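Because the structure is a prediction, the values reported are computed rather than measured. In what follows, every chain begins at residue 1, and chains take the letters A, B, ... in the order their sequences are listed.
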Amino acid sequence: MSDGQAAVTPTRARARIAPFAWVACSSGTGLLVCSAANALSRATLGSAELVFWAGIGLLVLPVFYRLLAAEPSTNERLALVCLLGLGLYVVKFLHEPFVYTFPDELAHQYNLDQIAHHHHLFSTNPLLPITSRYPGLEGAASALRDLTGISSFAAGLLLIGAARLTMMVALFLLFTKSSGSPRIGGLGAAIYTANSNFLFFGAQFSYESLALPLFVVVLAVLAARDDMSPSGARGSAIVIVLLTAAIVATHHVTSYALIIVLWVLAILHLARRRLCAWPSPWPFAILATVMTALWLVVVASQTVGYLTPVIGHAFSNTFNTIAGESKPRQLFTGSGPATPGGEQLVAYASVALLAAALPVGLKTSWRYRSLPFALLLSGGALVLFAMYPLRFAPQAWETAGRAAEFLFIGLAFVVGCACVKIVDRIRSPRRWLVPALVTACFGIVFAGGVISGWPASSRMSQPLRIVADGRVIESERLALAHWVSRHLPHRRFVSNSGDARIVNDFGHALVVSGSVPDYQDVITSPRLAPFETAVLRHHRIRYVISDRELDLDPFFSVRGADSNQELLPWSTVRKFAQAAAAAIYDSGDVLVYDLKGRP
Amino acid sequence: MKGRSRIAAMQVGGFGDLTAASVASVICAAALLAIPVGGGRVPFGILLCLVLPGYSLTSAIFARRPLALPLMVALTVAVSLAVLAVGSVLLQVIPGGLTIDSWAILLAVVVVASCVIAALRRDPSAWRPTLIRLPHGRPFEIALVALGCLAAAAAIGLARVPLSAPKAQGYTQLWMLPESTPHGPGVVVGVGSGEQRPVRYRLHLSIGSHTLVSIRFQLRPGSHIRMPIAVPLGGKAAGPPRKVVASLYRQDAPRSVYRRVFVWLASGGGAAAGR
């Protein structure tokens, strides 16, 4: 066998598509049910959580049940994995079908629009400055948008969809190569979709959503080198270098993860070189390190200032929590409504199930210990569990959550091994019973991942454009952005971070926010202090968007919704009128002041 | 050199996939440069961005033996994405930067050059193309898959339809900006309705105790009005700026101010708060 064909040989026998046809039909129906749940939510007709979960179940469970079986061909498994990955991506699209609404997406869309305007990368981004130093995503999306003529939103959707497809195929290949079993490959790829960031966070138009799939492809190509001819192995080096360059230009954390993985693989190779003929990846480790360092020094030096506080606080807070100097973080708490008790139970059960599968999977994967990738992935699974306690440290949980996207690759492989072991070993008079039970457990793990990763209040689509009296109206914040675009484009504004994202993107203005410099206090303090006036004057800010809500989303407010939304007092919202400003816009919750209103 | 080029050209012609990729890239690039934005460029753009660069580069890199189908699929898309990401950094340094022209030319050159290299490296006698074998299905099975596709399309269609949302809180925009009129200083006042149903309003515009305008009107959801209004400030000598206030009342609550905005206008024709 050569060039990646060792374990992935197309089945030559006449393919039997009946089971796949049922699964495809079920997946499509699941999407329709999810869309109906989102429609109910957008129409403010009450909670449609159960409908949503029913749709997810129709989409996810039949695929997993079929992947558990021994009969499907390699090609059918691959098709199932792609169906699952793309189906879940459509679920994210159903959540926001008109425009980007996630905070990170709006920051990246701003970069993309800047490229369209200036035809160059690296324009300043007032929302998330670091993103403009890693322009791989926006550069690629700008090509797609410019050449096709479609909108930024559609270009981003296509780009991330293509990346998603690639990731699912690469995960399948990686796990297949690491175990020699397409069955483990398919199951592992399906289990990866249960990680808490897969459904929404990892599918957003954000730099990590492109870099992570490329990262997985690098691993898959490295794993496939084992079976390649010498010329194929040389060729794969070119692919790895190209993909590494793309990752370095796209996302900081993914490039660091790649460096770590390559060095670990190089060390594993050194330790086990008598057992495997696989070429050492140390040249790639050195190359990735040099490329990342060069990018960091030459292009993106502010990454240090961006990441150091996050990691530093995570470390110090972890130690403080362990030492009892600070209180542990309470799980399932955030700015929105509390997570229902039933959902919390499912989330805890999902972690318990993964923990139960871990030893079985590790024992099974030990059979493949001659393959460095099997060791790497098993190690990743162990590290993921070792990092779970970090979720109790107030400032370390986000770091732990983000690391999980990488480490879950290892856990998915190990749990995939465990699933095969359990289904093959446990005999039941009814053949379907054990696979059905394992599938049900996967359902709990998947649901637990979604619950942990995304708050219940924003899991379904919210009203953004609605029909009233036969005409379409937009939400208050979106209407504000379009008013700015018509009347005050390219002017300098200050606002809270939610409005800044929306007005920067849809209002084509320059809106600053945040705490460095201290714009946040300008908005939230009860009185305008002299130093705040000086900050505004120094940064040539002329207009203030004063919003009663501090929330980040642009949707319609819904009467009677379960929300613990923080509202600013009216005296704070209207304080600018005392500072000789003119109130030029009033839509109820949102006011716009012109600071040069009174000479 | 001439002979080598001819051999390369023959070899490109000898391999259907490489010939097709080269020709397609040139056609796509030409079409994208010729067709105006919004005129059916989508298939050409997608092919040139997401498929052809990855396929041709992968073919050039793994020219000796074909890859298995899954790896070929993964690399075709992944390498295309990588070319776009790295290509954007390369285009950054050329004059003009990232434009339709520069992208179309870069991608076409990458595809054609890769196909030529692939043709030069390929051993025609050992080469067996990667074939996609489509499974044969019975009509019932095909109908099931079609039903799934139809349901997915319906899901997307339903998501794109704006719906009524009775519990969504409506709003009304009132805005005012200074704007000079042929008769001297003035303002432009706008009202936009984002309410759930038609609403009757009264707009009252005043300067000091003097009423400039007081009008009643009704707006349907999603409709706007915009009124330029001249403001007589009185006298040509420069005086202190005067406050022009616009208040909006709803007819169902005529005594309480619903929205209120104000600007300052300087006498002598100058607008204090302007754009």
Passing candidate, side chain to side chain contact (heavy atoms under 4.5 Å, CB included) with L121(A), options L91(B), L98(B), V93(B):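 Only one of L91(B), L98(B), V93(B) forms a side chain to side chain contact (heavy atoms under 4.5 Å, CB included) with L121(A), namely L98(B).
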
Does any backbone or side-chain atom of [X] lie under 4.5 Å from a heavy atom of chain B? Answer side chain, backbone, both or neither.
X: A163(A); value: both
X: A249(A); value: side chain
X: L137(A); value: neither
X: S557(A); value: both
X: F556(A); value: side chain
X: F122(A); value: side chain

When heavy-atom pairs shorter than 4.5 Å are enumerated against chain B, which of [options] gives the highest number?
options: G55(A), A43(A), S236(A); result: A43(A)
options: L45(A), D586(A), L158(A), T166(A); result: D586(A)
options: P463(A), A237(A), A162(A); result: A162(A)
options: A36(A), A143(A), S26(A); result: A143(A)
options: G136(A), A154(A), P213(A), A155(A); result: G136(A)
options: G588(A), G87(A), A24(A); result: G588(A)

Please check this pair: side chain of [X] against backbone of [Y], looking for a donor-acceptor N/O pair closer than 3.5 Å.
X: R41(B); Y: D146(A); value: yes
X: R42(A); Y: V161(B); value: yes
X: S88(B); Y: G139(A); value: no

**Asked** Non-hydrogen atoms of chain A under 4.5 Å away: do they reach the side chain of L106(B), the backbone, both or neither?
**Response**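 For L106(B), no heavy atom lies under 4.5 Å from chain A.
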
Below 4.5 Å from any heavy atom of chain A, which atoms of L47(B) appear? Answer side chain, backbone, both or neither.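 L47(B) has no heavy atom closer than 4.5 Å to chain A.
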
How close do [X] and [Y] get, heavy atom to heavy atom, and via which atoms?
X: G194(B); Y: I473(A); value: O-CD1, 3.3 Å
X: A577(A); Y: F262(B); value: CB-CZ, 3.9 Å
X: A85(B); Y: A140(A); value: N-CB, 4.1 Å
X: H119(A); Y: G96(B); value: CB-O, 3.5 Å
X: A155(B); Y: L94(A); value: O-CD2, 3.5 Å
X: V169(A); Y: A74(B); value: CG1-CB, 3.7 Å

Among [options], single out the residue with the greatest number of heavy-atom pairs under 4.5 Å to chain A.
options: R260(B), K243(B), Q92(B), M176(B); answer: Q92(B)
options: L163(B), I61(B), T99(B); answer: L163(B)
options: C149(B), A152(B), A168(B); answer: A168(B)
options: V187(B), L81(B), L147(B); answer: L81(B)
options: P221(B), G222(B), P166(B); answer: P221(B)
options: L50(B), L33(B), L158(B), L150(B); answer: L158(B)

Are the side chains of [X] and [Y] in touch, meaning some heavy atoms are under 4.5 Å apart?
X: R160(B); Y: F93(A); result: yes
X: L147(A); Y: W103(B); result: yes
X: P162(B); Y: I466(A); result: no
X: F62(B); Y: M228(A); result: yes
X: V83(B); Y: L242(A); result: yes
X: H487(A); Y: L177(B); result: yes
X: D589(A); Y: Y171(B); result: no
X: I156(B); Y: S35(A); result: no

Output the distance between atom [atom1] ([X]) and atom [atom2] ([Y]), rounded to the nearest 0.5 Å.
X: S193(B); Y: R471(A); atom1: OG; atom2: CZ; value: 9.0 Å
X: N75(A); Y: L69(B); atom1: CG; atom2: CG; value: 6.5 Å
X: L32(B); Y: T148(A); atom1: CG; atom2: OG1; value: 8.5 Å
X: L71(B); Y: K177(A); atom1: CG; atom2: NZ; value: 7.5 Å
X: L174(B); Y: L591(A); atom1: CG; atom2: CG; value: 10.0 Å

So, R220(B) and D469(A), do they make that salt bridge, N to O below 4.0 Å?
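Yes, R220(B) and D469(A) are salt-bridged.
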
